[in-house]
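Heads up, the thing below is written out as structure tokens.
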Amino acid sequence: MKLKIALQRSGKLAEGSKELLRKCGIGFSHGGDKLRAEASDFPLEIFFLRDDDIPDYVADGVADIGIVGENVLAEDPKPIEVLERLGFGRCRLSIALPKAAEYAGLSDLSGMRIATSYPGILRSFLSNRDVLADIHEISGSVEIAPSIGLADAVCDLVSSGSTLFSNGLREVETVMSSEAVLIAQPAIDGEKAVLLDKLLFRIRSVIAASQNKYILLNAPLEKVDEISSILPGMKSPTVVPLAESGWVSIHSVISEHDFWEVVDSLKRAGAEGILVLSIDQMIR
Ligand code: PRP
Ligand code: ZN
């Protein structure tokens with residue numbers, strides 16, 4: 001019995017998806033086959049597919065689970081379950097115009113031909129804002145549509161912005177934000193559900209680890225209470241004596257999100273020699 005996972009073959013999510021499995025302790029080799037691989041340390045079979053097809057394969061049960069962008073799910077909703085947001089593959093679906101085109105607001109899009117691979121999302125975005133434009137669905141290389149005269153504007157995924165930039169386009173509206181999510185077929189049960197739980201446990205540990213940092217610092221003994229109140233930790237901070245009397249080392253875990261705020265408060269409270277380390281796995 002093996003769990004089957006569908007990953008994007010190439011594109012924005014491909015590297016992050018493979019890296020997530022590696023961080024979960026799951027290795028695999030392609031063995032010459034570009035479309036599937038067997039994991040070596042987990043009962044997992046991996047399919048490498050076009051991202052747009054992944055929700056279908058999962059809904060049909062060809063794969064049990066998959067990693068796909070929220071943008072793909074929004075364009076083409078399927079009877080699948082979203083189990084976890086994965087925190088990588090962040091991007092946005094945006095409308096962009098040739099650099100030189102004037103743009104004062106949404107109404108300027110009226111009557112334009114907009115090329116996109118996301119006609120459904122774009123159509124509802126525009127109609128919710130009473131903009132009537134001509135949507136041209138194309139399946140790839142959307143960014144070149146204006147320069148070849150196929151469209152006046154595009155609606156495409158942007159992450160670094162370099163694709164738009166190198167095609168002389170500038171972003172004018174954000175239609176949606178997206179990141180990678182883990183999806184599953186709702187009907188998974190029995191032995192497969194047990195495997196899925198095991199994998200999910202590892203994935204959640206990896207995500208928690210990537211959102212937190214391990215912090216160590218030195219402080220005078222009389223500051224321990226004040227500093228501990230800034231550093232809740234997983235239970236409470238670890239406090240160990242230093243060789244120099246009257247001083248301790250305090251260890252804890254802090255969220256990456258408010259990292260700099262916490263470091264500022266720690267310095268104000270008298271912390272010295274602050275070290276911050278990344279965490280590989282975090283089991284709560
Ligand atoms: C997206 C999008 C752009 C590019 C933008 O493709 O279609 O071509 O990435 O990224 P940038 O802002 O960093 O230049 P993706 O790799 O997601 O594949 P797909 O859209 O063809 O599935
Ligand atoms: Zn795609």
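Numbering of ligands and ligand atoms starts at 1, following listing order. Every heavy atom of this structure was used, including side-chain atoms; hydrogens, water molecules and symmetry mates were not. Model, not experiment: these values are computed from the prediction.
A heavy-atom separation below 4.0 Å is not found between Arg50 and ligand 1. Ligand 1 does not have Gly140 within reach: every non-hydrogen atom of the residue lies 4.0 Å or more from it.
Close approach of ligand 1 to Gln8 (heavy-atom distance below 4.0 Å) involves ligand atoms 22 (O). Ligand 1 places these atoms under 4.0 Å from at least one heavy atom of Thr163: 4 (C), 5 (C), 8 (O), 10 (O), 11 (P), 14 (O). Close approach to Gly161 involves these atoms of ligand 1, each under 4.0 Å from a residue heavy atom: 11 (P), 12 (O), 13 (O). Heavy-atom contacts of Asp156 reach the following atoms of ligand 1: 2 (C), 3 (C), 7 (O) (cutoff under 4.0 Å). In summary, the atoms of ligand 1 found under 4.0 Å from a heavy atom of Val158, numbered by their order in the structure, are 12 (O). Close approach of ligand 1 to Gly11 (heavy-atom distance below 4.0 Å) involves ligand atoms 16 (O).
The shortest N/O to N/O separation between Tyr118 and ligand 1 does not fall below 3.5 Å.
Clustering ILVMFWY residues whenever any of their side-chain heavy atoms sit less than 4.5 angstrom apart, transitively, puts Ile254 in a cluster other than the one holding Ile279. Cluster annotation: Ile227 and Trp247 are assigned to distinct hydrophobic clusters (Ile/Leu/Val/Met/Phe/Trp/Tyr, side-chain heavy-atom contacts under 4.5 Å, transitive). Hydrophobic clustering, with ILVMFWY side chains joined whenever heavy atoms are under 4.5 angstrom apart, groups Leu126 together with Ile121.
Proximity of Phe88 to Ile67: side-chain heavy atoms (C-beta onward) are separated by under 4.5 Å at one or more points.
Neither the backbone nor the side chain of Leu164 comes within contact range of ligand 1; no heavy atom lies under 4.0 Å. Residue-level proximity to ligand 1 for Asp51 is carried by the side chain, the only part with a heavy atom below 4.0 angstrom.
With Ser166, Ser160, Ser141, Ser94 as candidates, the residue nearest to atom 11 (P) of ligand 1 on a non-hydrogen basis is Ser160.
Geometrically, Lys99 engages Phe165 in a cation-pi contact defined by less than 6.0 Å to the ring centre and at most 45° from the axis.
Judged as a ring-ring contact (aromatic ring centres under 6.0 Å, His included), and not counting sequence neighbours, Tyr57 has no contacts.
With respect to Glu45 and Lys4, no salt bridge is recorded, no charged nitrogen being found less than 4.0 Å from a carboxylate O.
Checked options Glu173, Glu171, Glu179; the residue passing with Arg92 is Glu171 (criterion: side-chain hydrogen bond (donor to acceptor under 3.5 Å, both in side chains)).
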